[in-house]
Protein chains: 2
Amino acid sequence: MPPPTETPAPAPLGRRAQQKRDKKRRIREAAWQLFTTQGYDATTTSSVAKRARVATGTLFLYAKDKPDLLFLVFRDRLRSAVDAQFASMPCDAPLLEQLLHLFRGLFEMYAEHPAVAAEFVRALPGADGPNAMAVNSYSMVFLQRIAGLVQAAQARGEVAADISPFQAASNIFSLYFGALLVWLSGFGDLASALDPGLRGALELQMCGLRRRDCGEGWSPTRPPSS
Amino acid sequence: MPPPTETPAPAPLGRRAQQKRDKKRRIREAAWQLFTTQGYDATTTSSVAKRARVATGTLFLYAKDKPDLLFLVFRDRLRSAVDAQFASMPCDAPLLEQLLHLFRGLFEMYAEHPAVAAEFVRALPGADGPNAMAVNSYSMVFLQRIAGLVQAAQARGEVAADISPFQAASNIFSLYFGALLVWLSGFGDLASALDPGLRGALELQMCGLRRRDCGEGWSPTRPPSS
DNA sequence: AGTAAAAACTGACTATAGTCAGTTTCTACC
DNA sequence: GGTAGAAACTGACTATAGTCAGTTTTTACT
């Protein structure tokens, strides 16, 4: 006797799956709460388990190890920050401005809790837990979306046609990651990490090092003021 | 009554300083031996202390923590690899080839023990022990030497004059570090990490993304083959 | 030589990340 | 609605990184 009109089938989720979802959420929230208030190092895995109302062993069913908890808590934040920035992307702005728009959103997200963010970014390379995997595969999507921006800029004639968008996206990502590491390692504030920092790097990637033999030549966005 | 001709004053080192030097050497060698044979994770700090014939507490007078042991063991290797590559630098080669010469030397050094190298590189950002400090300040020197290569290329007219050598060096370093992380995270072999990998990134940094409005225009080292 | 202060060293100890054999809870099928 | 097997959960336990109060060694000065 299935009620055909009721229960609009929002979730074909069994009890088990629901409980798993709920535990995962509780663990994520407990970890975030404790990491942001006490710091990553000062937070013990036992205290996270306690606050999430699970046993210590259960915690490690949802995260491979303590660093993997960082990926659990940052995954959604990362996703929504990226989505928001692409949703508000100025479609006809120059590529450089589009990239800065994107990365500014991420920097601002990290800036909410720089110390925890630093641990997260530091743990990223080489992490191997299930949550780390999820974040890393999301990074691939991210890279593809950057490549998409480059391709669009090529279509606009802003970027040379013979360039591989994926190679360009890789370079851009390396520069972003480098700027992020420097910033989160405690040097300077958000604004200057973005503006003289990342912008300078991206400008140099845009125009290249090589001397232009031809004609009058383009000059960088900020002409020498001296 | 100082004997003026004897004791050719090779070391104004007191007994204490000598013993410290010796202990440091013993710890460095023990750590290297164990890390390379058993792996970083499988090596306990106690086993390093035992092999170095010091107490566990003493170990932590010479390294802040376990990761700091990595910096202790890699510091010299890094220095000699960099020095060797600069000593054998082809002075009149194009900047791109000079950079690849430099980075090839480092990649080869890391390739001797990739697993330990991966731990080292992963631990680099944000490390805070005394040995990490030494490595980080050496990184600054490294950056300056890259900036020197850029400047020389500017003097040869290969690189545009209005470019900041330090900004260029920062970008180059970010691309190097990115390629290193990708390689050491287990994807691909040494040769391809260098040649399609790092070379592609540096070529794109050399020529830039932006379309060249003028004249016939230069085409990348590897013209589209299709 | 003698001695006081400083520096270096020691190893028993603590705190905590992560494991695993045993238990409970859920699902699918009869 | 009963039950066999799978999946999830538990918390006492283990291994090890890192600490620190107490000890030994070295130095500098008389």
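To find a chain, count down the sequence lines: A is the first, B the second, and so on, and within it residues start at 1.
- Going from atom CD of A:Gln18 over to atom P of C:dT25 covers 17 Å, rounded to whole Å.
- Protein atom CZ of A:Arg53 is 20 Å distant from nucleotide atom P of D:dA8, rounded to whole Å.
- Residue contacts shown for A:Thr56 include a base, since a base heavy atom lies under 4.0 Å away.
- For the pair A:Thr45 and C:dA17, the criterion of a side-chain N or O lying under 4.0 Å from OP1 or OP2 is met.
- A straight line from NZ of A:Lys66 to P of C:dG18 spans 8 Å, rounded to a whole angstrom.
- For a distance-only test at 3.5 Å, the side chain of A:Arg16 fails to qualify as a donor-acceptor partner of the base of D:dA8.
- The environment of CZ in B:Arg21 is sparse: at most 12 heavy-atom neighbours from other residues, nucleotides or ligands sit within 6.0 Å.
- In this structure, A:Tyr40 places its OH atom 12 Å from C1' of C:dT16, rounding to the nearest Å.
- Checking D:dT26, D:dT10, C:dA17 against every side-chain atom of A:Ala55, the shortest atom distance belongs to D:dT10.
- A sub-4.0 Å separation between OP1 or OP2 of C:dA8 and a side-chain N or O of B:Lys20 is present.
- Residue B:Lys23 places no side-chain N or O under 4.0 Å from the OP1 or OP2 atom of C:dA8.
- Close to D:dC9, at under 4.0 Å from its OP1 or OP2, lies a side-chain N or O of A:Tyr62.
- When heavy atoms are screened at a 4.0 angstrom cut-off, B:Lys64 is found touching no nucleic acid atom at all.
- We find that CG of A:Leu61 is positioned 11 Å from C1' of C:dC20, with the value rounded to whole Å.
- Counting to the nearest Å, the C1' atom of D:dA8 and the CD1 atom of A:Ile27 are 12 Å from each other.
- At whole-Å resolution of the value, NZ in B:Lys50 and C1' in D:dA17 are 17 Å apart.
- Using a 4.0 Å heavy-atom criterion, one finds that B:Ser47 contacts no nucleic acid atom at all.
- Shown here is B:Arg26, whose CZ atom has more than 12 heavy atoms of other residues, nucleotides or ligands within 6.0 Å.
- Under the 3.5 Å distance criterion, with hydrogens and angles disregarded, no donor-acceptor pair is assigned to the side chains of B:Gln18 and B:Asp22.
- Nucleic acid contact class of A:Arg15 (heavy atoms, under 4.0 Å, all strands): sugar-phosphate only.
- Between A:Tyr110 and A:Phe120, the angle of the ring planes lies from 30° to 60°, which puts this pair in the tilted group.
- Note on ring orientation: taking the six-membered ring where Trp is involved, the planes of B:Phe86 and B:Phe142 are perpendicular (angle over 60°, cut-offs 30° and 60°).
- Distances shorter than 4.0 Å separate some side-chain N or O of B:Thr58 from OP1 or OP2 on C:dT10.
- Annotation: of the two residues near DNA chain D, B:Gln19 and B:Asp65, the 5′-most nearest-nucleotide partner is B:Asp65.
- For the pair B:Phe60 CZ and D:dT16 P, the computed distance is 13 Å after rounding to whole Å.
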